[in-house]
Amino acid sequence: MDEEHLTTTEIKGMILDLFGGGVHTSSATLEWAMAELLRHPECMRRLQTEVDTVMSQHCNGVNSVDDVLVDDDHIQQMPYLQSIVKEVMRLHPILPLIFPRVASTSFNLGKYQLPAGTNVLVNAWAIARDPRYWDRPTEFWPERFSKSDIDFSGQHYQYLPFGAGRRMCPGIRLGLSVVHVTLANLVRHFDWGIPDGKSAKDIDMSCKGGIGNSRAVPLLAIPKRRIC
Ligand code: HEM
C-alpha cells in the first residue's frame, strides 16, 4: 500500500475478511438461537411478548405488522432479547478456540511457565461452561444475564464470544446488530414449529467440530405467519 491507495490484493483481502468473518458467524449464531428457542418454548413466548410490547408502541396508526420492522433502535428496549443472545453465544460460541496468540515474553500462567514464542490457545467454549464461573453451566438460562454486568467487550474473561484484546472481533457491532434484529423479526412475524410431529427433545444439538462451531445437523423449523 502506498500512502493513498490500496492495491487490488489488499482490497481482495479486505473483502475476503468481511465475508469470511461476517457471514457464517452471524448465520450460525442465529441457527443456534432458533434451536434453543424451539427447545425452550417458554423463552420463545416471553421473547415474543417483549418484542410485541415494544413494537406496539411504534405502530400507531399502522395497519399491517409488516409496515414496521424491528430495527437497532428498538433493540435497546428489549432486555430479554439481549439476554437470549448472550446466552446463545455463551453456550455456542462461534469460535470455540479464539485465534491463537504467541507469547511475546516469558511469563507464568498459574502453575505453568511459558517461554517467549509459545503458542497459546484460549478455549472460550470450555471457559463459558466452567462451573467455577457459571451456575447451571450447561443449561440454557437467559435470565442469568438479567442482573449481570457481563457483556461482549472482552473485559469479562469468563465470557469471550468475540475474543478479547487488540485482535478481538472488529465486526462486533455489525454482528450483534444482525443477530438481534434478525432474531427479533423472525419471532415477531412467525410462530415456529418442528416438522413431522417430532418434539423439541428430538432437536439434535451436537456440533460439527472444526474451527467454526456449526450445527452437525442443520435446523429444520416450520414458520407459521403470526397476525399481531
Ligand atoms: C455474531 C457475529 C460474530 C461473532 C460471534 C464473531 C466472533 C469473532 C471471534 C471470536 C474472533 C476472534 C477474536 C480473537 O481472537 O480475540 C473474530 C475475529 C474476526 N472477526 Fe468476527 N465475529 C462476528 C462477526 C463478524 C463480522 C460481521 C465481521 C466483519 C464484517 C467480522 C470480522 C472479523 C475479523 C476480520 C476478525 C479477525 C480479527 C483479527 O485477527 O485481527 N466478524 N470474530
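Start at 1 with the first residue, then count along the sequence. For ligands, and for the atoms within them, numbers begin at 1 and follow the listed sequence.
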Once you measure the plane-to-plane angle for Phe152 and His180, does it fall in the parallel (<30°), tilted (30-60°) or perpendicular (>60°) bin?
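Rings of Phe152 and His180: perpendicular, as their planes differ by over 60°.
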Shared hydrophobic cluster, Val181 / Phe190 (ILVMFWY, side-chain heavy atoms < 4.5 Å):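 Yes; tracing contacts between hydrophobic side chains, which count when under 4.5 Å, links both residues.
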Suppose I only count heavy atoms of [X] and a 4.0 Å limit; which atoms of ligand 1 are within that range?
| X | answer |
| --- | --- |
| Met168 | 13 (C), 16 (O) |
| Gly163 | 10 (C), 13 (C), 14 (C), 16 (O) |
| Met89 | 1 (C) |

message = Side chain, backbone, both or neither: which applies to Pro161 and ligand 1 if a contact is any heavy-atom pair less than 4.0 Å apart?
response =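 Contact part for Pro161 vs ligand 1: backbone (N, CA, C, O).
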Taking NZ, NE, NH1 and NH2 as the nitrogens, is one of them in [X] or [Y] under 4.0 Å from a carboxylate oxygen of the other?
| X | Y | result |
| --- | --- | --- |
| Asp196 | Lys198 | no |
| Arg90 | Glu87 | yes |
| Arg226 | Asp191 | yes |

I need the nearest protein heavy-atom contact for [atom]: residue, atom name and distance, please.
| atom | result |
| --- | --- |
| atom 33 (C) of ligand 1 | Pro170 CD, 3.6 Å |
| atom 15 (O) of ligand 1 | Arg101 NH1, 2.8 Å |
| atom 40 (O) of ligand 1 | Arg167 NH2, 2.9 Å |
| atom 8 (C) of ligand 1 | Cys169 CB, 3.6 Å |
| atom 27 (C) of ligand 1 | Gly22 CA, 3.5 Å |
| atom 32 (C) of ligand 1 | Gly21 CA, 3.9 Å |
| atom 9 (C) of ligand 1 | Leu95 CD1, 3.6 Å |
| atom 4 (C) of ligand 1 | Phe162 CE2, 3.3 Å |

Exercise. Grab the two heavy atoms, one from Ala103 and one from Pro115, that are nearest each other, plus how far apart they are.
Key: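 Smallest heavy-atom distance, with atoms named: CB-O, 4.0 Å.
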Pair Ser148, His156: side-chain N/O donor-acceptor within cut-off below 3.5 Å:
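Ser148 vs His156: no donor-acceptor pair found between side chains.
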Under 3.5 Å between some N or O of ligand 1 and some N or O of Ala164?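 Such a contact does occur with ligand 1.
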(Q) Ring centres under 6.0 Å, that's the criterion: do Phe107 and Tyr112 meet it? (A)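 Aromatic pair excluded; centres sit 6.0 Å or further apart.
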If we ignore hydrogens and angles and just use 3.5 Å, is the side chain of Ser146 paired with the main-chain N or O of Glu143 as donor and acceptor?
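Flag set: sc Ser146 to bb Glu143 pair under 3.5 Å.
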